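The next block holds one structure in the form of structure tokens; read it before the comments.
Small disclaimer: the values here were computed from a predicted structure and weren't measured.
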Amino acid sequence: MLDPKLIRSDAQAIAERLKIKKYELDVAGFEALEERRKAIQVETETLQSERNARSKGIGKAKAAGEDIAPLIAEMDKMGAALEEKKAELKVLQDELNALLSGMPNIPDEEVPTGNDENDNVEVAVWGEPTTFDFEVKDHVALGEGLGKLDFETASKLTGSRFVLMRGALAKLHRALAQFMLDTHTETNGYEELYLPYIVNDESLYGTGQLPKFAEDLFKLHADREFYLIPTAEVPATNIVRNEIVEEAELPLQFVCHTPCFRSEAGSYGRDVRGMIRQHQFDKVELVQVVKPEDSDAALETLTSHAEGILQALELPYRKVMLCGGDLGFSAVKTYDLEVWLPGQQAYREISSCSNTRDFQARRMQARYRDQASGKPALVHTLNGSGLAVGRTMIAVLENYQQEDGSIKVPEALKSYMGNIDVIR
RNA sequence: GGUGAGGUGGCCGAGUGGUCGAAGGCGCACGCCUGGAAAGUGUGUAACGGGAAACCGUUCGAGGGUUCGAAUCCCUCCCUCACCGCCA
């Protein structure tokens with residue numbers, strides 16, 4: 001959530017900045033609503049103040065042994081008037097809250113304008129697209145050729161956009177997650193977490209998936225508002241929800257490997273082939289909770305941690321800065337890492353690293369105690385994939401393929417793969 | 001799943017209808033004391049919203065209700081702890 005004070009002070013300027021993100025703020029409407037809210041709030045609070053004063057007076061009178069009946073009679077009308085104002089105020093506040101909680105974060109000054117992923121700006125390229133002296137296959141052909149990637153059976157078990165992995169590919173998938181976790185904990189200083197895969201609606205509100213993006217989520221059929229996590233960012237970031245963290249404890253650096261569940265509503269025609277876009281996929285997620293002055297630098301290091309995995313696996317990739325139109329709801333700035341996929345002759349997203357500054361923190365009321373002032377202040381939160389495990393496996397299959405359809409095992413993974421050299 | 005006990009400030013903990021945003025303690029901050037420290041001692045110390053400020057309002061797990069007035073009474077839900085049952 002944006003700082004309401006900021007919007008009140010200059011709604012027009014905020015509206016301009018949000019246009020970069022394709023969000024149209026009705027400035028006049030907002031200001032009218034806000035003006036009414038303020039007026040009603042003042043009236044309500046005046047009534048409340050009077051009621052409190054009089055009630056206190058009744059208490060005193062009673063303690064002094066006076067007759068309080070006439071005083072109570074005097075209060076008769078007040079109650080009704082107050083209730084009315086309160087109800088009126090609540091309607092306005094709900095309306096404002098709905099508006100506020102649906103407003104995206106303001107992009108950083110550096111973020112380029114643009115409509116979609118085609119307008120993202122390449123900031124770095126690592127490695128060269130892998131070349132082959134034979135005709136390359138995509139991961140579907142490779143995986144099915146090995147008899148270890150089975151989409152048909154998965155669709156029997158569940159439906160489309162699921163996959164069944166077998167044998168060495170199931171192991172490769174596990175090895176990748178293992179390798180990522182070990183790297184982030186042992187060399188990058190993250191604390192490993194095991195987290196719930198089901199979260200409540202408050203957590204999803206905290207990180208910004210709700211109320212606006214409910215259709216992207218799998219909701220459980222339960223008495224409570226429970227959802228499958230669309231990313232470990234949700235539980236990992238919400239650890240600090242409604243907490244005041246001591247300044248000395250920052251930064252918090254969490255890493256965890258979880259499945260992620262996304263309904264992929266609205267992407268029916270996209271990436272229907274293979275396991276690029278699934279309803280269930282594994283991801284190793286990095287989350288950092290930092291002091292405000294550290295968050296810009298933290299985005300760079302967090303992104304470099306994700307890049308480190310690609311480099312260790314010797315997978316060619318490029319780093320792009322998302323343009324305004326492609327930027328997520330909560331983010332002020334996002335780097336996507338796109339790995340080279342020979343089967344598609346294209347770079348495809350494998351990691352997304354974002355700084356949300358205080359946007360999620362405000363929704364979550366996640367704060368730290370500032371030593372200098374002694375006052376609580378909002379933390380900044382960041383998250384990034386380090387990396388998407390399924391897509392990393394696709395990249396390994398396609399970049400390490402051999403003419404006979406077998407897959408070389410990347411050097412960094414050998415110890416995790418029982419020291420075999422090739423998957424066949 | 002059953003039974004019982006609880007959820008109060010950064011933490012512990014008192015408070016069962018009225019000068020309670022809340023005793024006391026810990027912690028923390030600043031001072032006194034000291035060569036310096038510990039101990040001792042004094043003062044201060046919740047968050048959020050509105051406001052330039054004075055000040056006003058809200059908040060005692062969450063949401064409803066009763067009342068002139070609710071931390072305190074009633075209802076629903078959530079969570080924690082203990083014991084029993086069941087289970088990986």
request  = Nearest whole angstrom, please: distance from the P of B/C68 to the CG of A/D67.
outcome  = 15 Å

Spacing of A/L82 atom CG relative to B/A70 atom P, expressed in whole Å = 11 Å

remark   = A/E202 atom CD is separated from B/C79 atom P, nearest whole Å, by 11 Å

request  = May I ask you to say what A/K86 touches in the nucleic acid, namely base, sugar-phosphate or nothing, with a heavy-atom cut-off under 4.0 Å?
outcome  = nothing

inquiry  = Work out how far the P atom of B/A46 is from that of B/G69, and round it to whole angstrom.
reply    = 28 Å

task = Take atom CG of A/N97 and atom C1' of B/G49, then tell me their distance rounded to the nearest Å.
result = 12 Å

query = Say you pick atom C1' in B/G64 and the same atom in B/A70; how far apart are they, in whole Å?
reply = 14 Å

task = Would you kindly say whether A/S295 and A/N355 are connected by a side-chain donor-acceptor distance under 3.5 Å?
result = yes

inquiry  = Suppose you measure atom P in B/C77 against the same atom in B/A82; what distance do you get, rounded to whole Å?
reply    = 23 Å

ask   = Where each residue is assigned the nucleotide of RNA chain B containing its nearest heavy atom, which of A/M75 and A/Q365 is assigned the position nearer the 5′ end?
value = A/Q365

request  = Say whether A/N200 and A/Y227, considering side chains only, have a donor N or O and an acceptor N or O under 3.5 Å apart.
outcome  = no

key: A/E249 CD to B/G10 P, straight-line distance once rounded to whole Å   = 15 Å

query = In terms of heavy-atom contacts, does CD of A/E293 have more than 12 from other residues, nucleotides or ligands at under 6.0 Å?
reply = yes

request  = Could you tell me whether the side chains of A/H257 and A/Y194 share a donor-acceptor contact shorter than 3.5 Å?
outcome  = no

request  = For each nucleotide in nucleotides 55-65 of chain B, reading 5' to 3', give B when a protein heavy atom comes within less than 4.0 Å of its base, S when such contact involves only the sugar-phosphate, and - otherwise.
outcome  = -BSS-------

A/E16, CD: over 12 other non-hydrogen atoms inside 6.0 angstrom = yes

ask   = Taking the P atom of each, how far is B/G13 from B/A39, in whole Å?
value = 24 Å

inquiry  = Just to be sure I understand the rule, does A/R362 reach a base, reach only the sugar-phosphate, or reach nothing, if contact means heavy atoms closer than 4.0 Å?
reply    = nothing

request  = Answer yes if the side chains of A/T237 and A/E233 hold a donor-acceptor pair under 3.5 Å, and no otherwise.
outcome  = no

task = Classify the ring geometry between A/F329 and A/F359 as parallel (under 30°), tilted (30 to 60°) or perpendicular (over 60°).
result = perpendicular

query = Distance between the P atoms of B/U72 and B/G17, in whole angstroms?
reply = 12 Å

key: Separation between the P atoms of B/G61 and B/C56, rounded to whole Å   = 25 Å

query = Between atom CZ in A/R241 and atom C1' in B/C79, what is the gap in whole Å?
reply = 13 Å

request  = Using the C1' atom as the reference point in each nucleotide, state the distance between B/G15 and B/G57 in Å, no decimals.
outcome  = 24 Å

query = Atom CZ of A/R369 and atom P of B/A29: how far apart are they, to the nearest Å?
reply = 12 Å

query = Is it true that A/K319 and A/E307 make a salt bridge, defined as a side-chain N closer than 4.0 Å to a carboxylate O?
reply = yes

inquiry  = Need one value for A/P4: base, sugar-phosphate or nothing, where a base atom within 4.0 Å counts as base even if backbone is also close, heavy atoms only.
reply    = nothing

inquiry  = Using a strict threshold of under 4.0 Å (side-chain N to carboxylate O), is an ion pair present between A/D370 and A/K291?
reply    = no

task = Taking atom types as modelled, find out whether A/T356 and A/T381 have a side-chain donor-acceptor pair closer than 3.5 angstrom.
result = yes

Table of protein N/O atoms under 3.5 Å from nucleotides 17-19 of chain B N/O atoms:
from: B/G18; atom 1: N2; to: A/S55; atom 2: O; distance (Å): 3.0

inquiry  = As a check on the pairing definition, encode RNA chain B in dot-bracket form, counting Watson-Crick and G-U wobble pairs whose two distances are under 3.5 Å, and using | for partners outside this strand.
reply    = ((((((((.[[[..)..(.....]]]((((((.......))))))(((((....))))).[[[[[..)....]]]]])))))))....

task = Starting from P on B/C11, measure out to CD on A/E246 and report it in whole angstrom.
result = 10 Å

query = Taking the C1' atom of each, how far is B/A5 from B/G21, in whole Å?
reply = 27 Å

ask   = Quick check: are there more than 12 heavy atoms from other residues, nucleotides or ligands sitting under 6.0 Å from CZ of A/R37?
value = yes

message = Nearest 0.5 Å, please: how far is CZ in A/R17 from CG in A/D10?
response = 11.5 Å

remark   = So CG of A/L387 and OG of A/S352: to nearest 0.5 Å the spacing works out to 11.5 Å

